[in-house]
Structures are given as structure tokens and as C-alpha cells.
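Letters go in sequence order (proteins before strands), and every chain restarts at 1.
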Number of protein chains: 2
Amino acid sequence: MNNEQEPNQGHAECLLQDTSLKTSKKSYHHGDLRTVLLDNAISILRTDGIQGLSMRKLATSADVSRTAPYHHFKDKKELLCAIAEEGFRLFSTRVDAKTIEPAPATLLIFTKQYLEFALKNKEVYELMFGSELWQQHSTTESLKTRAHASFRQYATAIKDWHEDKLINQAVDPLRFAQVSWSTLHGMSRLLIDGVYVDGEAIDAMCEETAQLFWSQLNPAVSF
Amino acid sequence: MNNEQEPNQGHAECLLQDTSLKTSKKSYHHGDLRTVLLDNAISILRTDGIQGLSMRKLATSADVSRTAPYHHFKDKKELLCAIAEEGFRLFSTRVDAKTIEPAPATLLIFTKQYLEFALKNKEVYELMFGSELWQQHSTTESLKTRAHASFRQYATAIKDWHEDKLINQAVDPLRFAQVSWSTLHGMSRLLIDGVYVDGEAIDAMCEETAQLFWSQLNPAVSF
DNA sequence: AATGTAAACTAGACGCTGTCAAGTTTGGCC
DNA sequence: GGCCAAACTTGACAGCGTCTAGTTTACATT
């Protein structure tokens, strides 16, 4: 019958995880479709943007029928949530306040790490924090959990600094966490969206940001 | 909703069609369609969100044919740009750094003004600063001009403080403008999108923000 | 007052989208 | 070997943005 060999199954992403699977001929049951869909979706997202990612194109990219993806993701939102979750997984390996100490130099490093992640993964970043998913409660429960875990990790790092008296004791750790995260997030968004066009200013902005944070955290200063 | 809402003649006209009134017989040429479209678009945007705003529904709301809006807006992007521009017009009347001075109390007021605008007009705010329009250079020239004017107004206010020696002279006014705007923007986005769910924390976050700004601007402190 | 033109508006069509319903194939368990 | 549920298929529907070609009208020129 129809035993065609189809070589297009998201190989580019397959080398990320050294799967020793050799794609044999196409069978009715794919066997690994969810993974392939997720990988292809991220790859399409990165090259064509969120506008260019449709369920139908995604299905085609995995060489399955239009509606096959719906057996692995309830709807498009769930697919996007899965992508965002993948983003948070990567985020936690790239940006972690627990690896630094409250000092001007390390605050600068942290700021740069955050911005580097956001700018290198801008389409995914937008999904992670954008209104697309968060507004009107369309986030998966597991995405919500993971996202809050990311923030909590940051907040507790700062709380630890506070408890260890490494930062100004007049600062409320939670409030500072919320507001400083806002700064990092806002800068990322403005740069990603091209509202701040001048890419050369990024370094200077990072330095200003680190200074701003330190001027608040510095235990040697009293207000 | 809020105080700046405009009269909505488009909807009023919608009511006419099933009440079959004799007056204001619908004529082929509308006469004021662009204004009505823009008003209705904003109103739909506010109630149904960006997802609920389609060119076809907008046309129907103004009781004209599907394609009539295209005689007043080249495409949907141009319509959205016009909405965003309207947003900036309102923004400049609500949030203006020139009206305040660099002091803890006034910084707090300014922060609250900014957040109030963002939260009261969240759908419009998202259009003003979101990736929808800014990414891939799909902004109207006139929108770009107006948006940059808004930022420049803020930046020059801070530059004036600097020149008048009202703030710490070690601070670069432009960099501070960029980063502090980022803080306000980031906080607005996180609150709008519901990533930070706790609405009660807003006041405390505003205070923390104002403190953060002042700890950097305070001329009495040296780093 | 008649005429010509351009602007405002219309209906029809195209290709795209997300997703539902109903039918087909198949791997794995009894 | 037989059965079931999961994986996958085609077909269909309503909605979308927007192009094209045609119709109606306001208005300036004669």
C-alpha cells in the first residue's frame, strides 16, 4: 500500500537529545509524535515567529494529518503552554540568582544573564511571560506551577541575602524581588519588541540596572 | 471602566436597524465612518480583548459591509496603530514627569499614575508597547513618532533634573530614564498579564519602586 | 442644470486558520 | 485470535484578512 519513506521528522532538534532512534519507514502510528511536534513547534516559532506557527503547518512539518496534533495537545493553547514550560526549564539552567551574591559585579552578571536569555529566546520568552497565555487564565496548571517556581527561586535567594544580613535590612526582600524582576522583564520586553531600538545601549543599560539595584541593596547606605 | 470613555455612536446606529426608525435613513455614504470605526474598535477591544476584535465584526458594529473599513485603514495593522496612537494621546494627559519633582513623595505619585493608566487601559496599553505592532517594523510612521515623543518627554524631564542639580550627578540621565521606564513597564505588564496575581500588593510595589528610584537619584548619597 | 471624476461603499471569492465529528488503522493485552 | 483503546485519517464548518470588480454618491467643473 502506501509505504513511503519520509525523511522529514524534525531532525534538527533530534540531535539535542541523542536519540539513537533510526527513523524507519512511516507507519500509521508514529510512536514519538508528541516530542517531534514540540521540537518542530519550537523550531518554527524561532524562525517564523508566533504568527507563523499554525497547527496545520506544524502537522505538515511532522508529516502527519491536520488533526493528528490534537491527540497530543487539547488545543493550540496547550501546545503553546508546553513550549513555554520548556522555556522555563531552559531558563532555570541559564539564570539563577542562587549562583550569585549581592555585590555590584555579580548583580551586573545576573542582569546580563537574564537579558541574554530573553534576547536569545525572544519568541519563547514572549510565550513564557506574555499575555497570549497568561491573560484570561488559559495557562496550564503545570505551566503556572513552573512559572511560579521560577519566581519563588529568585525571591528566596533575595530573602536569604536579607536573613544573612548581606543586604540593607530596611529593604523588604519580597517587594524588592517583585520590582527588580519587573525591571529585568520590562527592559527585556522593550528591547525584544524594538521599542528601544539602540542595541548598542544594552551594556550601558545593564550597568545602570546593576547600579540601581545595588544603590537599594547596599547595606552601607541608609536612607 | 473609566472616565475617558467616548460617546459610542456606532452602537447607537446598530440599534436603529431592528427598531426600524424612520429618521436618519441609512445612506450609501456614511460620512463619518473613520471616527466611528476607531471608536467602536476601541470599545470592542476593551470589552472583548484583542482576540475579539476582527475587521469583519468591526464593520458589522458600524453597520457597513465587511470591506468598508479598508477604505479608511490600509489593513488591520494600520487600524491597531491608530488605536495605539490614540492611547499615547491619552497617556500624555495622564502621565507626565514634567509635572513632578525628584522627591520620594512625587516619585510615588508618578509611579502610581503610570500604573493606573496601564491597568485602566490594559488592552490599549498592550497595543502601545506590545510586540503585536512593534515587532517586524509594522508600526505606522506617525505612531513611531508619537511613541518616541512620549519617551523623549520623560527623558528630558530627568535630564532637566540633572542639569538643575536636583539629582545625584553621578547618574546618567538617559540611562536612568531607560531603566526606570523599564521598571514601570515591566511591572505594568506583569500585573496586566496576571503573572503577579496579587492585586493587593500593588501599593506596596509602587512604594518599593519609588524607593528604588530615589535611592539612585538622592543627591545626598554617594556610591 | 448637465456632466465627469474620484471617493465611498458593496458583493463575491480565495486561501488561510482552529477544531469538531465520524471513520480507519494498529499495538498491546486477555 | 479477538478486542479495545489509542493513534491517526478525511471531511466539514465557521471564522478570519484582504483582493478584485462592480455600484452608488458627493462634488467640482462646465
K.L.:
Without decimals, in angstroms, what is the distance between A:F73 CZ and D:dC8 P?
P.N.:
12 Å

K.L.:
CD of B:Q51 versus P of C:dT17: gap in Å, rounded?
P.N.:
16 Å

K.L.:
What heavy-atom pair brings B:I83 and B:A41 nearest, and what distance separates the two atoms?
P.N.:
CD1-CB, 3.8 Å

K.L.:
Hey, what's the ring geometry for A:F88 with A:F91, parallel, tilted or perpendicular (30° and 60° as the breaks)?
P.N.:
perpendicular

K.L.:
Roughly, in whole Å, what's the span from CZ in A:R56 to C1' in D:dA12?
P.N.:
10 Å

K.L.:
Nearest to the side chain of A:Y70, which nucleotide is it out of D:dT18, C:dT19, C:dC9?
P.N.:
C:dT19

K.L.:
With a 4.0 Å cutoff (strictly under), does any side-chain N or O of B:S54 reach OP1 or OP2 of D:dC16?
P.N.:
yes

K.L.:
Return yes if some donor-acceptor pair links the side-chain N/O of A:Q153 with the main-chain N/O of A:A149 below 3.5 Å, else return no.
P.N.:
no

K.L.:
To the nearest angstrom, how far is A:D32 atom CG from D:dA6 atom P?
P.N.:
19 Å

K.L.:
Which is true for B:K77 with a 4.0 Å heavy-atom rule: it touches a base, it touches only sugar-phosphate, or it touches nothing?
P.N.:
nothing

K.L.:
A:K57 near the nucleic acid: base, sugar-phosphate alone, or nothing, with a heavy-atom cut-off under 4.0 Å?
P.N.:
sugar-phosphate

K.L.:
Quickly work out the B:L33 CG to D:dT25 C1' distance and round it to whole Å.
P.N.:
15 Å

K.L.:
Look at the side chain of B:R66 and the base of D:dG17, then say whether one donor and one acceptor between them are separated by less than 3.5 Å.
P.N.:
no

K.L.:
Below 30° counts as parallel, above 60° as perpendicular, anything between as tilted: where do the rings of A:W181 and A:Y154 land?
P.N.:
perpendicular

K.L.:
Relative to the 5' end of DNA chain C, which residue comes earlier, A:T67 or A:G52, by the nucleotide with the nearest heavy atom?
P.N.:
A:G52

K.L.:
Give the nucleotide from the list C:dA8, C:dC20, C:dA11 with an atom nearest to the side chain of B:H71.
P.N.:
C:dA8

K.L.:
Could you state the CG-P distance from A:L58 to D:dC8, rounded to the nearest angstrom?
P.N.:
13 Å

K.L.:
In whole angstrom, what separates A:D48's CG from C:dT17's C1'?
P.N.:
15 Å

K.L.:
May I ask you to verify if any side-chain N or O of B:H72 is less than 4.0 angstrom from the OP1 or OP2 atom of C:dA7?
P.N.:
no

K.L.:
A:D63 has an atom CG; how far is it from atom C1' of D:dA7, in whole Å?
P.N.:
15 Å

K.L.:
For a quick test of reading the model, state the closest non-hydrogen atom pair linking A:L133 to A:S138 and the distance between them.
P.N.:
O-OG, 2.9 Å

